[in-house]
Amino acid sequence: FVKCYYKVNPGMMFPMQLGIIFIQKPLLYIRKQDIQRIELGRGGSVSGRTFDLNIFCKNGDKHEISMVERAELNFLAGYVENLKTNQSEGDSSDKGKGKADITDEAEESDDQAGE
């Protein structure tokens, strides 16, 4: 699990194969197939001790998970990459129909932070 905040409430986020769960008030469950894209970073930057995770859903909803410890960045970047890979494999039989665009800004931000 990852300690973080959703809205103003502290809690724990559990990134799983079937989606993402945030436990605490309010309880949040986002199914993998409902995710359009995920962005890692605060305003395009992952510098500092914490960063934000923005989850954009296909229905237009946006969920901001904030105050994620920078130590979790590699784990979450790997999770996002795994989601992209799994969705690409699942879409190959549909010839790309309904393909989700799960992206992250962590790689770009890490490159910029190191300069």
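These numbers come from the heavy atoms of this one structure, side chains and all, not from hydrogens, waters or symmetry mates. Sequence positions, counted from 1, serve as the residue numbers for this chain.
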Which heavy atom of [X] sits nearest to which heavy atom of [Y], and what is that distance?
{"X": "V68", "Y": "V2", "result": "CG1-CG1, 3.7 Å"}
{"X": "Q17", "Y": "K32", "result": "O-CD, 3.4 Å"}
{"X": "C4", "Y": "I65", "result": "SG-CG2, 3.3 Å"}
{"X": "L18", "Y": "Y29", "result": "O-OH, 3.4 Å"}
{"X": "D52", "Y": "M67", "result": "OD1-N, 3.5 Å"}
{"X": "M13", "Y": "I20", "result": "CG-CG2, 3.6 Å"}

inquiry  = Is it the case that the side chain of K58 and the backbone of Q33 share a donor-acceptor pair, with hydrogens and angles ignored and the cut-off at 3.5 Å?
reply    =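 Yes, K58 side chain to Q33 backbone: donor-acceptor pair under 3.5 Å.
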
message = Checking the side chain of Y79 only, and the main-chain atoms of M16 only, is there a donor and an acceptor separated by less than 3.5 Å?
response =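 Checked: pair present.
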
Heavy-atom side-chain proximity of P26 to N9 below 4.5 angstrom =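 Result yes, sub-4.5 Å side-chain heavy-atom pair found.
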
query = Which residues pass the ring-ring contact (aromatic ring centres under 6.0 Å, His included) test with F75, sequence neighbours left out?
reply =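 Testing F75 for ring-ring contact (aromatic ring centres under 6.0 Å, His included), a comparison that skips the adjacent residues, returns none.
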
message = Let's go through T50 and E69 carefully: what are the C-alpha distance in whole Å and the side-chain angles of both, what is the deciding distance for side-chain contact (heavy atoms from CB on, under 4.5 Å) to 0.1 Å, and is it a yes or a no?
response = CA-CA 5 Å; T50 63; E69 291 291 324; 4.1 Å; yes

For the [atom1] atom of [X] and the [atom2] atom of [Y], what is their distance to the nearest 0.5 Å?
{"X": "I55", "Y": "L40", "atom1": "CD1", "atom2": "CG", "result": "9.5 Å"}
{"X": "H63", "Y": "L28", "atom1": "NE2", "atom2": "CG", "result": "5.5 Å"}
{"X": "Q24", "Y": "Y6", "atom1": "CD", "atom2": "OH", "result": "13.5 Å"}
{"X": "F22", "Y": "F1", "atom1": "CZ", "atom2": "CZ", "result": "12.0 Å"}

ask   = Just wondering, more than 12 heavy atoms not from F56 lying within 6.0 Å of its CZ?
value =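 Enclosed.
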
request  = Could you tell me which residues satisfy side-chain contact (heavy atoms from CB on, under 4.5 Å) with L27, sequence neighbours excluded, listed by chain and number?
outcome  =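 Checked L27 against side-chain contact (heavy atoms from CB on, under 4.5 Å); matches are I21, I23.
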
